[in-house]
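Just the heavy atoms: all of them, side chains too, but no hydrogens, waters or symmetry mates, feed the values below.
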Amino acid sequence: MMDGIVDKIRSLNMVFGKSATTVIPLEALCQKLCKILGCNIYLFDNEGHIFACAVAPVFLCPYIECSLLQKELPGYYMELFNSQDQSMVGLYEEDPRCTYGDVGRCTFQNRYYSIYPIFSMFKKTAGILFIRYENQFSEADKVLCEYTCAIVSIEMLRQEQEKATVLSSQAAKAKVTVESLSFSEKKASRAIMREIDWKCGEVFLNAIASQTYTAPSTVSGALKKLELATLISTKSRGVKGMYVEVRNPNLRTELEKFERNPHA
C-alpha cells in the first residue's frame, strides 16, 4: 500500500519538476494527473466554465463526449463551490445526476467527489473537481489531491504571469515602434488602420497617400516598419494593393494617442 502511494508521489514530483521548467498545457497536465490519481479531473472558472479536464478510462461512458463538449459544470457543483472558500473533500452521491444536463441519472452509481478552490492574490479564481466512482478517496488519496491542487495552482499562476509578461512586451513594442515613425508615417498608418477597421483588409497605397497628402513611398515605408516590428502582416495584391492584418492590438492604442495629440 505504502509503495503505491510513494510511487504516485514520485510521479507527481516528476510532473511538478517538469512544470517548473516547461510550460505544460493545462489539458495535458490534467491528463497526466488523471492517470496518476485514477479519477476524473475538471478545472473550472468562477462562472462554471470547464477550461481543462481529463476522464479516467475506467469511467468513460456513452455521454462523456457530450458532457465535455458542453464545457459547463452542472449548477449543483457551482452552488457548493460558491457556498464557501474551503475545500470540500470526500462528498458522496449514491444515485448521482449525469454531468450532461439532458441525460438525467448517471450511468454509474456511488459517486465520490471533492472540490478544491484555487486562489490568486488571495482571490478565488477557479476550482478543481475530482470525481471517482465506487471507491471512496482514502486519506492518502486526499493528500495526493491536495498536492495535485498545489501543482495546478502553481502552473496556472506561472502561465498567468507569462501571459502578463507577453502582453506587457507587446504594449512596449507598439509604443516604441509608433514613436519611431515620422509625422507623415503616423498619419498614413492611422489612415490604413481606419481603412481596415483596425482588423484586416485590403488597402491601396496611392489612395492612402492621396487621402493623407503624403507620398506612396511614405505609406509603403510605414507599412514596412510596422511589419518589421510584427505589429502587422502584409501580402501584396498587385497594382500597389496590399492586404494588411493587425497582429498587435496595442497598435490602435498608440495611433489613437497620436490622433488625440498629433504634435506631442
Taking Thr165 for its side chain and Gln161 for its backbone only, find out whether a donor-acceptor pair lies under 3.5 Å. yes
Under a 4.5 Å side-chain heavy-atom rule over Ile, Leu, Val, Met, Phe, Trp and Tyr, are Leu205 and Tyr243 clustered together? no
Any luck finding a side-chain donor-acceptor pair between Glu185 and Thr218 under 3.5 Å? no
Is there a side-chain hydrogen bond (donor to acceptor under 3.5 Å, both in side chains) between Glu134 and Asn110? Walk through the geometry before answering. CA-CA 5 Å; Glu134 297 303 335; Asn110 298 318; 3.1 Å; yes
SB check Glu256 Arg252 (cutoff 4.0 Å): yes
Say whether Lys173 and Thr230, considering side chains only, have a donor N or O and an acceptor N or O under 3.5 Å apart. yes
SG of Cys30 to CG of Asn40, rounded to nearest 0.5 Å, is 11.0 Å
For Arg158 and Glu155: C-alpha separation, side-chain torsions, deciding distance, then whether side chain to side chain contact (heavy atoms under 4.5 Å, CB included) applies. CA-CA 5 Å; Arg158 190 164 71 92; Glu155 181 60 24; 3.3 Å; yes
Determine, step by step, whether Arg247 and Glu245 satisfy the salt bridge (charged side-chain N to carboxylate O under 4.0 Å, His left out) criterion, reporting the C-alpha distance in whole Å, the side-chain angles of both residues, the deciding distance to 0.1 Å, and the verdict. CA-CA 6 Å; Arg247 295 293 188 184; Glu245 182 175 356; 3.7 Å; yes
Polar side-chain atom of Asn46 near backbone of Lys124 as donor-acceptor pair, under 3.5 Å: yes
Aromatic rings Phe130 and Phe137: how do their planes relate, parallel, tilted or perpendicular, breaks at 30° and 60°? perpendicular
Between Glu254 and Lys257, is the closest basic N to carboxylate O distance under 4.0 Å? yes
Assess whether side-chain hydrogen bond (donor to acceptor under 3.5 Å, both in side chains) is satisfied between Thr253 and Asn250, documenting all intermediate values. CA-CA 5 Å; Thr253 302; Asn250 296 285; 4.9 Å; no
Examine Leu12 and Leu157 and state if one hydrophobic cluster contains both, with Ile, Leu, Val, Met, Phe, Trp and Tyr joined whenever side-chain heavy atoms are less than 4.5 Å apart. no
Is there a chain of hydrophobic side chains (I, L, V, M, F, W, Y, each step under 4.5 Å between heavy atoms) that links Met14 to Ile36? no
Test of understanding: clusters of I, L, V, M, F, W, Y form through side-chain heavy atoms closer than 4.5 Å, transitively. Do Ile131 and Tyr76 belong to the same one? yes
If you round to the nearest 0.5 Å, how far is OG1 of Thr177 from CG of Leu231? 4.5 Å
Looking at Thr212, is its backbone amide N or carbonyl O close enough to the side chain of Lys187 to form a donor-acceptor pair, meaning the two atoms are under 3.5 Å apart? yes
Under the criterion side chain to side chain contact (heavy atoms under 4.5 Å, CB included), I'd like the reasoning laid out for Met242 against Glu202: C-alpha separation, chi angles, the key distance, then a yes or no. CA-CA 6 Å; Met242 192 78 71; Glu202 193 169 289; over 6 Å; no
Using modelled atom types only, decide if a donor and an acceptor are shared between the side chain of Thr148 and the backbone of Leu144 within a distance under 3.5 Å. yes
Reported SG-to-CD1 distance for the pair Cys149 and Ile118, which is rounded to 0.5 angstrom: 5.0 Å
If you round to the nearest 0.5 Å, how far is OH of Tyr42 from CD1 of Ile50? 6.5 Å
With a cut-off of 6.0 Å (strictly less than), are more than 12 heavy atoms of other residues, nucleotides or ligands near NZ of Lys199? no
For Ser114 and Gly90, indicate whether the former's side chain and the latter's backbone hold a donor-acceptor pair under 3.5 Å. yes
Strictly by modelled atom types, are Asn13 and Tyr147 linked by a side-chain donor-acceptor pair under 3.5 Å? yes
Ser83 side chain to Leu80 backbone, donor-acceptor under 3.5 Å: yes
Go through Glu94 and Tyr92 one step at a time and tell me if the side chain to side chain contact (heavy atoms under 4.5 Å, CB included) criterion holds. CA-CA 7 Å; Glu94 181 178 358; Tyr92 171 70; 3.5 Å; yes
Has the side chain of Arg132 got a donor or acceptor atom that lies under 3.5 Å from a matching backbone atom of Leu37? yes
Going through the checks in order, is the side chain to side chain contact (heavy atoms under 4.5 Å, CB included) test met by Phe258 and Arg190? CA-CA 9 Å; Phe258 166 73; Arg190 183 186 60 187; 4.1 Å; yes
Asp95 and Arg111 ion-paired at < 4.0 Å: no
First locate atom CD1 of Ile151, then atom CE of Met156, and finally report the distance between them rounded to the nearest 0.5 Å. 14.0 Å
